[in-house]
Amino acid sequence: MPEQRNYFEEVYEVVRLVPKGRVTTYGAIARYLSLRAGARMVGWAMNGSHNYPNVPAHRVVNSVGVLSGKHFFGGPTIMQQLLEDEGVAVVDDRVVDFEKRLWDPSLELTL
DNA sequence: GGAGTGACAAAAC
DNA sequence: TGTTTTGCCACTC
């Protein structure tokens, strides 16, 4: 069945554009997609991200920089390990210098 | 076919 | 000031 889930693809595409060593938020992606509060969809999309290649869902965190869905990576430390491997320090499930690491598509892509 | 849920966020009270 | 409710779309039961 063809992928007719536009929002999901949009989310995946944006997440794929997140540079290594940077993180983004559900709200940022939702805003970039002109969603009022579709952040839930972003998270749900991440849930199905395993069906799509190169979707660094570990770079997507909530609005406070917390690795909300770390447990969905098959382990509570996988997400943190991936981020640390990319140079993103994670302490107490939170991204260090989150505001500096934050990659907002609406800003970086200057749409 | 209908109702409920889901890795969130922002507005309202 | 903190807590509660609504919003969105897709997917599952």
Side-chain angles (χ1 to χ4, degrees):
Chain A
M1 215 180 275
E3 294 83 43
Q4 54 191 15
R5 22 217 161 181
N6 276 335
Y7 274 122
F8 278 44
E9 287 199 355
E10 292 290 327
V11 172
Y12 295 141
E13 190 170 358
V14 173
V15 174
R16 259 182 260 170
L17 292 174
V18 178
K20 181 180 178 182
R22 299 280 167 140
V23 295
T24 189
T25 68
Y26 301 97
I29 297 172
R31 276 179 10 182
Y32 175 72
L33 299 180
S34 300
L35 290 169
R36 279 179 286 189
R40 302 173 85 176
M41 256 64 290
V42 179
W44 200 241
M46 295 294 96
N47 190 8
S49 64
H50 294 282
N51 294 325
Y52 289 75
N54 297 334
V55 181
H58 59 271
R59 291 181 188 155
V60 183
V61 296
N62 65 6
S63 60
V64 294
V66 176
L67 285 53
S68 319
K70 60 172 183 177
H71 200 69
F72 282 69
F73 278 77
T77 57
I78 305 299
M79 192 173 184
Q80 181 173 340
Q81 288 285 291
L82 289 170
L83 287 172
E84 289 184 339
D85 184 62
E86 295 185 350
V88 179
V90 178
V91 177
D92 191 37
D93 297 335
R94 282 179 297 192
V95 177
V96 178
D97 293 328
F98 167 66
E99 294 183 5
K100 293 200 258 187
R101 299 287 186 176
L102 178 59
W103 184 84
D104 191 335
S106 298
L107 297 177
E108 302 299 327
L109 299 180
T110 40
L111 185 62

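Numbers restart at 1 for each chain; the letters A, B, ... are given by sequence-line order, proteins then strands.
- Between the C1' atom of C/dC8 and the CD1 atom of A/I29 lies a distance of 15 Å, rounded to the nearest Å.
- Between A/V42 and the options A/Y7, A/Y26, A/F8, a side-chain contact (heavy atoms from CB on, under 4.5 Å) holds for only A/Y26.
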(request) Start with the C-alpha gap between A/T24 and A/V14, add the side-chain angles, then the distance that decides, and say whether side-chain contact (heavy atoms from CB on, under 4.5 Å) holds. (result) CA-CA 9 Å; A/T24 189; A/V14 173; 5.7 Å; no
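- Across all strands, A/N62 comes closer than 4.0 Å only to sugar-phosphate atoms, never to a base (heavy-atom distances).
- Comparing C/dC11, B/dA9, B/dA7 by their nearest atom to the side chain of A/F73 picks out B/dA7.
- Per the geometry, CH2 belonging to A/W44 stands 8 Å off P belonging to C/dT12, to the nearest Å.
- Looking at residues two or more places apart in sequence or on another chain, you find no side chain to side chain donor-acceptor pair (under 3.5 Å) involving A/R16.
- Taking atom CE of A/M46 as the reference point, atom C1' of C/dA10 lies 13 Å away to the nearest angstrom.
- Within residues 64-72 of chain A, the residues that place at least one heavy atom under 4.0 Å from DNA chain B are, in residue-number order, A/S68, A/G69, A/F72.
- The distance from atom NE2 of A/H50 to atom P of B/dG6 is 17 Å, rounded to the nearest whole Å.
- Rounded to whole angstrom, the span from the CG atom of A/L33 across to the C1' atom of B/dC8 amounts to 14 Å.
- Of the candidates B/dA7, C/dA10, C/dG7, the closest approach to any side-chain atom of A/F8 belongs to C/dA10.
- Closest to the A/Y26 side chain, of the nucleotides C/dC9, C/dC11, B/dA7, is B/dA7.
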(message) With side-chain contact (heavy atoms from CB on, under 4.5 Å) as the criterion, how do A/Q80 and A/L67 come out once you've worked through the C-alpha distance, each side chain's angles and the decisive distance to 0.1 Å?
(response) CA-CA 8 Å; A/Q80 181 173 340; A/L67 285 53; 4.2 Å; yes
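- What separates CZ of A/R40 from P of C/dT6 is a distance of 12 Å, to the nearest Å.
- A salt bridge does not link A/R22 with A/E108: none of the charged nitrogens is closer than 4.0 Å to a carboxylate oxygen.
- Using C1' as the reference atom, C/dT6 and B/dG4 are 16 Å apart when rounded to the nearest Å.
- For A/S63, a side-chain nitrogen or oxygen approaches OP1 or OP2 of B/dA9 to under 4.0 Å.
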(request) Test A/D93 against A/M79 for side-chain contact (heavy atoms from CB on, under 4.5 Å), laying out the working first. (result) CA-CA 9 Å; A/D93 297 335; A/M79 192 173 184; over 6 Å; no
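- In this structure, A/V64 belongs to a hydrophobic cluster whose other members, linked by side-chain heavy atoms under 4.5 Å apart, are A/V66.
- As a whole-Å value, the separation of A/D93 CG from B/dA7 C1' is 13 Å.
- Taking only side-chain atoms of A/Y7, from C-beta outward, the nucleotide of B/dC8, C/dC9, B/dA7 with the closest atom is C/dC9.
- Between the CZ atom of A/R31 and the P atom of C/dC8 there is a distance of 17 Å, given to the nearest Å.
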